[in-house]
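Values in this document were obtained by computation on a predicted structure and should not be read as measured data. We use all heavy atoms of the structure for the numbers below, so side chains are in, but hydrogens, waters and symmetry mates are not.
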Amino acid sequence: MDSNTITPYKDDKVGKKQQVATMFNNISKTYDFLNHFLSFGIDIIWRKKAIRSLRQLQPKKILDVATGTGDFAFEAINILKPDKIVGVDISEGMLAVAKEKIAKRGVGNKFEVVLGDSEGLPFDDGSFDAVTVAFGVRNFENLEKGLADICRVLRPGGKAVILEFSNPKTFPMKELYSVYSRTLMPFFGRLFSKDREAYSYLPESVVQFPDGERFTTILDRVGFSKTVCRPQTFGICSIYIGTK
């Protein structure tokens, strides 16, 4: 593991992938609540906007990578009306919550979840019309490998839509967001999730993430074309789109 790699548990000797799985297992029960609470509910708007960018494509088969508790996939079902969505995640705890939600909403015929590695997706080449990822790519142990595998499972002409936190660049949002993410987010995260490290790791991973043009350059390098970055809410978050 690279010495510069940000991990949830700094004293743990296992790789980032295993640590991320453990972290999300630990916070799975409070993840949805904290997501909405810590973003003041704006994350719901970001998800809707990201999913709407696939409307013109009208994808029938969608893969949701790092699906977590399934919120991005549920939004896709509501907006895009696909025939099938498959969600994949490395955290059994998060998938357990997703399965409860799938059963409660009665969409088991449209949405199934699979335990799997985002950097070695258990699907054939060209299997999906679209791939979505919400707040997951910065947790990849090997970012390029994960993005290349996403490109692999897309059909030619298919699209990847990636929603990810970014670092605001302009005053005063840059300073306000820095204070918020380094103090308030870890405080409330520890208060509600009982995992002291998780909500310190998450803002640290945002700071290290190669956002904006740096990320679209990586998308281009692994095989995507027509890549775009659409910053949201003063640059706190970005929607990235790439076409195979």
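Heavy-atom neighbours of Lys169 NZ from other residues, nucleotides or ligands within 6.0 Å: above the threshold of 12. Enclosure of atom NZ in Lys84 by more than 12 non-hydrogen atoms of other residues, nucleotides or ligands within 6.0 angstrom is indicated. Within a 6.0 Å sphere centred on CZ of Arg230, heavy atoms belonging to other residues, nucleotides or ligands number 12 at most. Open room surrounds CZ on Phe234; 12 or fewer heavy atoms of other groups in view lie less than 6.0 Å from it. Within 6.0 Å of atom CG in Asp124, 12 or fewer heavy atoms from other residues, nucleotides or ligands are found, so the atom counts as exposed in its surroundings. Residue Glu144 qualifies as enclosed at atom CD: its count of foreign heavy atoms under 6.0 Å is above 12. Within 6.0 Å of NZ in Lys110 there are more than 12 heavy atoms belonging to other residues, nucleotides or ligands. Enclosure of atom NZ in Lys159 is not indicated, since only 12 or fewer non-hydrogen atoms of other residues, nucleotides or ligands lie within 6.0 angstrom.
Leu143 and Val206 fall into different hydrophobic clusters, where Ile, Leu, Val, Met, Phe, Trp and Tyr are joined by side-chain heavy atoms under 4.5 Å apart, directly or via other members. Taking hydrophobic clusters as Ile, Leu, Val, Met, Phe, Trp and Tyr residues chained together by side-chain heavy-atom distances below 4.5 Å, Val65 shares a cluster with Val222. Residues Tyr31 and Phe33 share a single hydrophobic cluster, defined by chaining ILVMFWY side chains whose heavy atoms lie under 4.5 Å apart. Linking Ile, Leu, Val, Met, Phe, Trp and Tyr residues whenever their side-chain heavy atoms come within less than 4.5 Å places Phe140 and Ile218 in a single cluster. Using a 4.5 Å cut-off between side-chain heavy atoms of Ile, Leu, Val, Met, Phe, Trp and Tyr, with links allowed through other members, Val107 and Leu54 fall into the same hydrophobic cluster.
In this structure, a donor-acceptor pair under 3.5 Å is present between the side chains of Asp64 and Thr132. For the 3.5 Å distance criterion, the side chains of Thr216 and Thr227 fail to qualify, holding no donor opposite an acceptor. In this model, a donor atom of one side chain and an acceptor atom of the other lie less than 3.5 Å apart for Asn139 and Tyr201.
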Notebook entry, point to check: What's the verdict on side chain to side chain contact (heavy atoms under 4.5 Å, CB included) for Phe111 and Lys101, showing C-alpha distance, side-chain angles and the deciding distance?
Noted result: CA-CA 10 Å; Phe111 181 21; Lys101 290 159 78 172; over 6 Å; no

Note to self: Val207 vs Arg182, test: side chain to side chain contact (heavy atoms under 4.5 Å, CB included). Steps then yes/no.
What the structure shows: CA-CA 10 Å; Val207 170; Arg182 290 177 184 277; 3.9 Å; yes

Next item on the list: Report the C-alpha distance between Leu80 and Ile62 in whole Å, list the side-chain angles of each, state the deciding distance to 0.1 Å, and finish with yes or no for side chain to side chain contact (heavy atoms under 4.5 Å, CB included).
Entry: CA-CA 10 Å; Leu80 301 173; Ile62 301 172; 3.8 Å; yes

Note to self: Does Leu63 form a side chain to side chain contact (heavy atoms under 4.5 Å, CB included) with Val153? I'd like the steps, not just the answer.
What the structure shows: CA-CA 9 Å; Leu63 175 65; Val153 301; 3.9 Å; yes

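Thr67 places none of its side-chain heavy atoms less than 4.5 Å from the side chain of Phe72. The closest side-chain heavy-atom distance from Leu219 to Leu147 is below 4.5 Å. In this structure, the side chains of Ile51 and Val161 stay at 4.5 Å or more apart for every pair of heavy atoms. Inter-residue side-chain proximity for Val114 and Glu112 is flagged as met; some heavy-atom pair is nearer than 4.5 Å. Inter-residue side-chain proximity for Asp211 and Phe165 is flagged as unmet; no heavy-atom pair is nearer than 4.5 Å. Using a 4.5 Å heavy-atom cutoff, the side chains of Ser166 and Ile236 are not in contact. Taking the side chain as every heavy atom from C-beta outward, Cys237 and Phe135 approach each other to under 4.5 Å. Counting only heavy atoms from C-beta outward, the side chains of Ile162 and Ile239 never approach each other to under 4.5 Å.
For the residue pair Met185 and Pro203, the shortest heavy atom distance occurs at SD-CD, 3.9 Å. Of all non-hydrogen atoms in Val133 and Ala66, the two that sit nearest each other are CG1-CB, 4.3 Å. Residues Val113 and Ala98 come closest through the heavy atom pair CG1-CB, 4.2 Å. In plain terms, the two heavy atoms of Val97 and Ser28 that are nearest each other are CG2-O, 3.8 Å. Here the closest heavy-atom approach between residue Ile90 and residue Ser118 is recorded as CG2-N, 4.4 Å. Counting all heavy atoms, side chain and backbone alike, Ser238 lies closest to Pro231 at OG-CA, 3.8 Å.
We find that Lys60 and Asp129 are not joined by a salt bridge, their nearest charged nitrogen and carboxylate oxygen being 4.0 Å or further apart. Between Lys145 and Asp149 there is no salt bridge, since none of the side-chain N atoms of the basic residue sits less than 4.0 Å from a carboxylate O of the acidic one. Between Asp117 and Lys17 a salt bridge is recorded (basic side-chain N to carboxylate O distance below 4.0 Å).
In this structure, Thr243 OG1 and Phe224 CZ are separated by 8.5 Å, a value rounded to the nearest 0.5 Å. With rounding to the nearest 0.5 Å, the separation of OG1 in Thr7 from CD in Glu197 is 10.0 Å. Note that CE of Met94 is 11.0 Å distant from CG of Asn26, once rounded to the nearest 0.5 Å. Expressed to the nearest 0.5 Å, how far CD of Gln18 lies from OG1 of Thr22 amounts to 8.0 Å. The CZ atom of Phe171 sits 11.0 Å away from atom NZ of Lys174, with the distance rounded to the nearest 0.5 Å. In this structure, OG1 on Thr233 lies 5.0 Å from CH2 on Trp46, to the nearest 0.5 angstrom.
For Phe209 and Phe215, the ring centers sit closer than 6.0 Å to each other.
When atom types are taken as modelled, the side chain of Tyr180 and the backbone of Glu175 share no donor-acceptor pair closer than 3.5 angstrom. Side-chain N or O atoms of Lys244 include none that pairs as donor or acceptor with a backbone N or O of Gly157 at under 3.5 Å. Put simply, the side chain of Arg152 gets close to the backbone of Leu121: a donor and an acceptor are under 3.5 Å apart. Panel note: side chain Ser127, backbone Phe123; no donor-acceptor pair is recorded below 3.5 Å. With hydrogens and angles disregarded, a donor-acceptor distance shorter than 3.5 Å links the side chain of Asn25 to the backbone of Gly93.
Judged by a 6.0 Å distance limit and a 45° cone about the ring axis, Arg105 is positioned over the six-membered ring of Phe74.
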